[in-house]
Amino acid sequence: MKKLNLNKIKIFTVVISLIALFGLSACGDKAEEPKENQSAAIQSQEQAEEREQPEEQREIRTFKDLKVEDFYGKEVDSSIFAENKVTVINFWSTTCPPCIEELPILEKISADMKDKGVGVKGFLYEFGVQINDEVLEEANYILEEGGVTYQQLIGAGDIMKDELIQSIYAVPTTFAVDSQGEIIFATVGAMDYDGWQEFIDAALEEVQ
């Protein structure tokens, strides 16, 4: 099985001026507050470099071993990837404003790019917090307010011990995954509609 280091995955670079213009960023795990006017792209680059470890210590599996539940208690596994050419998995948190702000954008992306063989899945990921009924209630409220209807997965249980999941140091973190469950691209930080289109189009080119 091909193993990937998150820091070695093809990172889709967001144009710094676009991020600064729309004020999009990421929320880290116990990270220091970013310096004023520092772009999310620069933060992500620096954090990745600081956290990089020898590859033998940070081997990353694909999503082939995915086993979780969605918000309705339905069991979900890696077979979901066979439904599309590219599946976008967006890790987000109820405490992360950039995550919440881009959810409606991803809803529109989900609708607009469905005919291209693209699916979107949300993955609720709360740093150091057990996902209980209260957290799910808050998440559902956020989704309802944003008109978000695509499937939402829960980051809880054994999946949280997975090396890939543990390598996530900020949200939103998003993966583009092929129909076999192999990671194509990964990106840290929120994007606008055009940024997501470009990200997904690049992933589609990889699977042609």
Side-chain angles (χ1 to χ4, degrees), residues 1-14 26 44 48 55 58-92 99 102-125 143 148-208:
M1 177 185 295
K2 183 179 180 182
K3 295 186 178 181
L4 300 174
N5 182 301
L6 183 60
N7 294 322
K8 301 298 184 181
I9 293 173
K10 300 174 183 176
I11 301 297
F12 190 87
T13 305
V14 182
S44 298
E55 189 163 356
R58 289 287 304 279
E59 289 184 332
I60 302 301
R61 294 193 298 271
T62 67
F63 278 102
K64 287 184 176 180
D65 298 324
L66 181 70
K67 288 184 180 179
V68 293
E69 290 186 355
D70 68 8
F71 275 29
Y72 299 100
K74 178 182 177 181
E75 293 185 356
V76 177
D77 59 27
S78 56
S79 64
I80 61 171
F81 301 118
E83 300 171 3
N84 295 287
K85 294 178 181 177
V86 170
T87 300
V88 173
I89 299 187
N90 175 249
F91 285 71
W92 67 285
C99 298
E102 77 169 355
L103 290 172
I105 298 174
L106 286 169
E107 173 68 21
K108 183 168 174 54
I109 285 290
S110 177
D112 292 352
M113 304 199 76
K114 182 178 180 180
D115 290 343
K116 289 187 175 182
V118 175
V120 178
K121 307 288 183 183
F123 194 110
L124 184 61
Y125 185 80
L143 294 169
V148 181
T149 61
Y150 56 85
Q151 188 177 33
Q152 300 291 325
L153 312 179
I154 299 175
D158 290 342
I159 189 68
M160 303 308 291
K161 301 174 184 177
D162 187 271
E163 289 175 289
L164 174 60
I165 306 301
Q166 290 185 352
S167 72
I168 295 173
Y169 59 87
V171 287
T173 288
T174 307
F175 298 90
V177 184
D178 69 15
S179 61
Q180 304 299 314
E182 299 281 353
I183 297 169
I184 308 167
F185 291 125
T187 186
V188 178
M191 290 191 282
D192 65 354
Y193 185 88
D194 290 340
W196 281 117
Q197 269 196 321
E198 189 175 355
F199 175 81
I200 294 169
D201 284 342
L204 284 169
E205 287 183 10
E206 291 289 320
V207 300
Q208 296 302 330

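Only this structure's heavy atoms are used, side chains among them; waters, hydrogens and symmetry mates stay out.
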Item to check | Heavy-atom neighbours of Glu75 CD exceed 12 at 6.0 Å | outcome: no
Checklist entry - Is the number of heavy atoms from other residues, nucleotides or ligands under 6.0 Å of Gln197 CD greater than 12? => result yes
Give me the atom names and distance for the closest heavy-atom approach of [X] to [Y].
{"X": "Phe185", "Y": "Ile183", "answer": "O-CG2, 3.6 Å"}
{"X": "Ala170", "Y": "Val188", "answer": "CB-CG1, 4.0 Å"}
{"X": "Ala190", "Y": "Pro172", "answer": "N-CG, 3.6 Å"}
{"X": "Gly117", "Y": "Asn84", "answer": "O-CB, 3.2 Å"}

Do [X] side-chain atoms and [Y] backbone N/O form a donor-acceptor pair below 3.5 Å?
{"X": "Glu206", "Y": "Ala202", "value": "no"}
{"X": "Glu102", "Y": "Met191", "value": "yes"}
{"X": "Glu69", "Y": "Ile154", "value": "no"}

Side chain proximity check, [X] to [Y], heavy atoms < 4.5 angstrom:
{"X": "Lys85", "Y": "Leu204", "value": "yes"}
{"X": "Tyr125", "Y": "Met160", "value": "yes"}
{"X": "Asn90", "Y": "Leu103", "value": "yes"}
{"X": "Leu106", "Y": "Val148", "value": "no"}
{"X": "Gln151", "Y": "Val76", "value": "yes"}
{"X": "Glu198", "Y": "Asp201", "value": "no"}

Checklist entry - Mind checking whether Phe81 and Phe63 have parallel, tilted or perpendicular rings, split at 30° and 60°? => result tilted
Item to check | Qualifying residue for side-chain contact (heavy atoms from CB on, under 4.5 Å) with Val88, from Val177, Thr174, Ile109, Thr187 | outcome: Thr174
Next on the checklist: Aromatic contact between Phe199 and Trp196, with the criterion being ring centroids under 6.0 Å apart: yes or no?
Outcome noted: yes
Item to check | Ionic contact status for Asp70 with Lys74, cut-off 4.0 Å | outcome: no
Next on the checklist: For Phe123, run the ring-ring contact (aromatic ring centres under 6.0 Å, His included) check against Tyr150, Phe91, Phe71 and tell me which one passes.
Outcome noted: Phe91
Could you give the distance from [atom1] ([X]) to [atom2] ([Y]), rounded to the nearest 0.5 Å?
{"X": "Gln166", "Y": "Leu164", "atom1": "CD", "atom2": "CG", "value": "10.0 Å"}
{"X": "Ser179", "Y": "Glu83", "atom1": "OG", "atom2": "CD", "value": "11.0 Å"}
{"X": "Ile200", "Y": "Ile184", "atom1": "CD1", "atom2": "CD1", "value": "10.5 Å"}
{"X": "Leu143", "Y": "Gln152", "atom1": "CG", "atom2": "CD", "value": "4.5 Å"}

